[in-house]
Amino acid sequence: MPELPEVEVVRRGLERWTAGRTIASAEVLHPRAVRRHAAGPADFAARLAGRAVLPPRRRGKYMWLPLRDPEAGPGRDGAPAEALLAHLGMSGQLLVGEPGREREKHLRVRVAFTDGGHDLRFVDQRTFGHLLVADLAPDTYAHADDAPGAAKNGEGLVPEPIVHIAADPLEDAFDEEAFVRALRRRKTGIKRALLDQSLISGVGNIYADEALWRARLHWARPTETLTRAEALRVLEGAREVMGAALAVGGTSFDSLYVDVNGDSGYFERSLDAYGRRDEPCRRCGTPIRRDEFMNRSSYTCPTCQPRPRRARY
DNA sequence: CAAGATTCCTGGGGGC
DNA sequence: TGCCCCCAGGAATCTT
């Protein structure tokens with residue numbers, strides 16, 4: 001399941017393989033893959049054809065390729081106005097490879113480039129992921145002191161459909177104090193808050209459990225009872241675990257999460273809580289417990305992460 | 001308005 | 001061996 005580290009691995013692959021190239025054409029093989037592009041698949045393809053792609057950017061689990069008109073000469077500020085926005089959902093893959101290779105079974109969108117080199121394919125078995133072309137809007141999380149000239153790569157801009165997505169904890173723009181304040185103002189359980197992308201982005205079910213295990217907090221802990229120190233501990237746990245996962249190429253349980261070259265990450269063996277039902281806690285040896293919550297699994301150590309007397313879901 | 005429930009989707013795997 | 005059912009879960013959209 002692609003969360004922040006997995007998406008970042010893909011973003012880096014795109015940076016290497018697509019930045020600076022010009023799109024020749026795009027082909028939508030399954031309309032559901034572009035369902036959030038309101039103007040429809042034909043408009044989606046038309047907006048990509050002939051555009052050059054700038055280095056990819058990412059916020060949380062979303063990534064985007066700012067688009068530029070290659071013929072735009074001097075006299076304009078050169079700042080991109082639109083971007084190709086992608087979310088991988090549960091099973092989405094962005095793959096780069098030889099144009100002539102066989103079509104993947106769940107190929108949804110194919111993008112060809114004017115140089116005739118490697119193409120870009122969006123493959124998605126469960127079709128929870130999607131692509132769209134969107135206007136770029138000012139980023140409310142951006143620092144005001146961005147370097148001059150940065151705008152030409154779309155810095156300080158974010159696709160309009162994701163302006164409500166909070167900064168992620170690996171961004172410079174992430175405001176720790178604002179996060180702690182917002183978290184403690186909520187009246188819900190800590191895990192639900194971590195999964196709410198408008199508070200902190202990039203955290204999904206796997207890394208939420210890992211961050212909580214590191215912080216020694218139970219998933220049903222009411223946010224309004226968290227101390228400042230506890231809130232910072234969860235944040236630190238999230239940063240550490242996602243940073244460690246990124247360093248080894250992300251987490252992969254099967255062939256559904258892969259980088260742009262189709263290779264899997266190695267972080268699964270390093271998980272401390274997620275998926276470890278009945279296995280000994282790596283801190284204290286107590287068997288890890290699985291609970292059901294929000295129609296998904298939550299894994300905790302009953303000793304290190306005792307259930308609060310007053311639980312919130 | 002905020003919190004919680006519902007909804008979309010497909011193939012792998014377990015049970016019988 | 002085959003079939004049925006459950007399960008995985010991000011986030012928009014809904015209901016309360």
Heavy atoms under 4.0 Å, any strand shown: does A/His164 hit a base, just sugar-phosphate, or nothing? sugar-phosphate
Flag, side chain of A/Ser201 to backbone of A/Gln197, donor-acceptor distance under 3.5 Å: no
Report, as a single string ordered 5' to 3', how protein heavy atoms within less than 4.0 Å touch nucleotides 2-13 of chain B: B base, S sugar-phosphate only, - not at all. -SBS--BBBS--
Check this for me, if you would: do A/Arg186 and A/Asp196 make a salt bridge, where the nitrogen-to-carboxylate-oxygen distance has to be below 4.0 angstrom? yes
Shared-cluster residues of A/Tyr141, by chain and number - hydrophobic side chains joined below 4.5 Å: none
By nearest nucleotide on DNA chain C, pick out whichever of A/Ile165 and A/Glu292 is the more 5' one. A/Glu292
Between A/Arg12 and A/Glu8, does any NZ, NE, NH1 or NH2 come within less than 4.0 Å of an OD or OE carboxylate oxygen? yes
Lys/Arg cation over aromatic A/Trp213: A/Arg283, 6.0 Å, 45° cone: yes
One would report the end-axis bend of the helix from B/dA2-C/dT16 to B/dC16-C/dG2, five pairs per end and rounded to 10 degrees, as 50°
With sugar-phosphate meaning primed atoms plus P, OP1 and OP2, does A/Phe293 contact a base, only sugar-phosphate, or nothing at under 4.0 Å between heavy atoms? nothing
Tell me whether A/Arg21 forms a cation-pi arrangement with A/Phe113, defined as NZ or CZ under 6.0 Å from the six-membered ring centre and within 45 degrees of its axis. yes
With sequence neighbours excluded, tell me which residues meet side chain to side chain contact (heavy atoms under 4.5 Å, CB included) with A/Glu15. A/Arg11, A/Pro55, A/Pro56
Donor-acceptor pair between A/Asp291 and A/Trp219 side chains, under 3.5 angstrom: yes
DNA chain C: 5'-most and 3'-most nucleotides touching chain A, 4.0 angstrom heavy-atom criterion: C/dA8 to C/dA12
Could you pull out all residues at least two apart from A/His106 that satisfy side chain to side chain contact (heavy atoms under 4.5 Å, CB included)? A/Arg108, A/Val123, A/Gln125
Carboxylate-amine/guanidinium proximity below 4.0 Å for A/Arg216 and A/Glu230: no
